[in-house]
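Atom set for the values below is all heavy atoms of this structure, side chains included, hydrogens, waters and symmetry mates excluded.
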Amino acid sequence: LKAALKKEPANPGNIVLFSNLAAIQRHLKKYDEALTSYNIVLSKYPTSVNALHNRADLYCEIDSLNLALRDYNTILLAEQDNIEALRRRAFIYMNKGDLDNAEYDFVKIKQVSPDKLEGDMGLALILKRRDKWEEALELYSDLLYENRTNTELFINRAECYLQQKKLAKALDDLDKAVQDKSVNPCR
């Protein structure tokens with residue numbers, strides 16, 4: 001790779017080589033080397049959304065959340081409706097206890113893609129983090145009305161019931177979740 005870079009430094013294929021190398025290094029848990037490779041790519045193409053996503057994911061993996069946040073912010077400057085960057089940034093905000101900014105991102109996801117559950121599920125998660133179990137329960141119930149086979153919704157609603165000491169309803173939702181063949185292959 002170094003020889004290819006020296007021989008033809010302007011060759012755009014070099015960036016592909018370094019992107020692939022970074023992915024391999026990351027898979028091998030050679031995080032410092034992967035970071036160097038991503039940085040090489042981004043030094044040439046600083047607004048490459050794909051490279052920024054990959055580096056931000058690596059930063060998350062090595063628990064450098066502030067650096068990951070910086071990359072997600074850069075992505076969102078270029079593509080303000082990038083749902084993956086909004087979602088990942090929202091979870092970083094939640095991890096930092098910044099529920100207001102996380103909520104902003106989940107609302108934005110709902111605006112950009114109202115058909116997807118991600119925005120509403122994120123908002124319900126924030127309600128739970130704020131100990132607003134009844135509101136979260138109502139949101140999960142609304143989502144289940146349209147998505148009767150979503151196991152994750154049943155499990156999350158069961159948690160709300162459990163927090164409210166409604167054990168029979170919690171068990172009923174958990175039973176519905178377990179009946180899903182993707183969760184319990186024996187059924």
Side-chain angles (χ1 to χ4, degrees), residues 1-130 136 139 142-143 146-147 150 152-153 156:
L1 286 174
K2 290 179 183 176
L5 193 58
K6 283 182 183 178
K7 185 176 179 185
E8 295 182 67
N11 184 341
N14 290 341
I15 299 307
V16 174
L17 288 174
F18 276 101
S19 292
N20 291 336
L21 176 62
I24 292 168
Q25 291 165 329
R26 183 173 166 195
H27 179 73
L28 295 173
K29 300 196 183 319
K30 295 182 176 186
Y31 299 127
D32 290 338
E33 293 173 29
L35 187 55
T36 299
S37 297
Y38 285 133
N39 288 338
I40 289 170
V41 172
L42 287 163
S43 70
K44 194 80 164 155
Y45 299 99
T47 59
S48 167
V49 170
N50 188 45
L52 285 164
H53 264 297
N54 288 333
R55 186 173 71 178
D57 287 347
L58 174 60
Y59 281 140
C60 287
E61 201 169 327
I62 61 174
D63 207 26
S64 294
L65 298 182
N66 288 332
L67 294 172
L69 193 59
R70 184 188 67 193
D71 280 353
Y72 289 126
N73 287 336
T74 302
I75 292 167
L76 290 165
L77 286 173
E79 297 180 4
Q80 64 183 7
D81 293 343
N82 188 305
I83 290 175
E84 182 63 16
L86 286 165
R87 186 181 65 77
R88 298 293 302 259
R89 186 173 75 173
F91 282 118
I92 291 171
Y93 284 141
M94 286 184 69
N95 188 299
K96 293 171 155 287
D98 185 351
L99 300 182
D100 291 337
N101 275 322
E103 182 177 16
Y104 175 86
D105 283 351
F106 286 125
V107 167
K108 176 75 174 174
I109 290 170
K110 272 186 68 160
Q111 292 168 349
V112 172
S113 186
D115 297 343
K116 289 193 174 186
L117 289 174
E118 288 177 284
D120 281 321
M121 296 226 6
L123 292 171
L125 185 57
I126 288 172
L127 289 170
K128 290 191 314 186
R129 292 281 296 270
R130 290 178 172 153
L139 182 50
D142 290 346
L143 293 172
E146 297 289 325
N147 304 279
N150 188 307
E152 190 175 351
L153 291 173
N156 278 290

How long is the straight-line distance from [atom2] of [Y] back to [atom1] of [X], given to the nearest 0.5 Å?
X	Y	atom1	atom2	answer
I62	L35	CD1	CG	6.0 Å
S48	N54	OG	CG	8.0 Å
T74	E79	OG1	CD	12.0 Å

Considering all heavy atoms, the nearest [X]-[Y] contact:
X	Y	value
V41	A51	CG1-CB, 3.7 Å
L86	D81	CD1-C, 4.4 Å
C60	I92	SG-CD1, 3.9 Å
L52	P46	CD1-O, 3.8 Å
A56	Y72	CB-CZ, 3.4 Å
Y38	A22	CE2-CB, 3.4 Å

Counterpart residues, salt bridge (charged side-chain N to carboxylate O under 4.0 Å, His left out), relative to D57 (two or more places apart):
R88
Counting N and O atoms only, with roles assigned by atom type, does the side chain of R129 sit under 3.5 Å from a partner on the main chain of M94, one being a donor and the other an acceptor?
yes
In sequence, state the C-alpha distance, the side-chain angles, and the governing distance for D63 and L65, and then conclude on side-chain contact (heavy atoms from CB on, under 4.5 Å).
CA-CA 6 Å; D63 207 26; L65 298 182; 3.9 Å; yes
Assess the pair Y31 and Y59: is the distance between their ring centroids shorter than 6.0 Å?
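No - the distance between ring centres of Y31 and Y59 does not fall below the 6.0 Å cut-off.
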Would Y45 and N50 satisfy side-chain contact (heavy atoms from CB on, under 4.5 Å), going step by step from the backbone distance to the final call?
CA-CA 10 Å; Y45 299 99; N50 188 45; over 6 Å; no
Quick one: do the K128 and N156 side chains pair a donor with an acceptor below 3.5 Å?
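Yes, side-chain donor-acceptor contact under 3.5 Å.
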Count the heavy atoms of every other residue, nucleotide or ligand shown that sit under 6.0 Å from CD of E84, and state whether that count exceeds 12.
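Result for CD/E84: enclosed.
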Donor-acceptor contacts, no H, no angles, side chain residues 109-121, under 3.5 Å, sequence neighbours left out:
residue	atom	partner	partner atom	Å
K110	NZ	D120	OD1	2.9
E118	OE2	R87	NE	3.2

I want to check something: taking the side chain as every heavy atom from C-beta on, are [X] and [Y] in contact at a cut-off of under 4.5 Å?
X	Y	value
D32	T36	no
E33	L28	no
R55	N39	yes

L139 vs L123, side-chain contact (heavy atoms from CB on, under 4.5 Å): CA-CA, chis, key distance, verdict:
CA-CA 9 Å; L139 182 50; L123 292 171; 4.3 Å; yes
Check the pair F91, D105 against side-chain contact (heavy atoms from CB on, under 4.5 Å), reporting the backbone distance first and the verdict last.
CA-CA 9 Å; F91 282 118; D105 283 351; over 6 Å; no
In chain order, what residues pass the side-chain hydrogen bond (donor to acceptor under 3.5 Å, both in side chains) check against R130, with sequence neighbours excluded?
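Result, side-chain hydrogen bond (donor to acceptor under 3.5 Å, both in side chains) vs R130: D100, E103.
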From L58, D71, N82, residue fulfilling side-chain contact (heavy atoms from CB on, under 4.5 Å) relative to H53:
N82
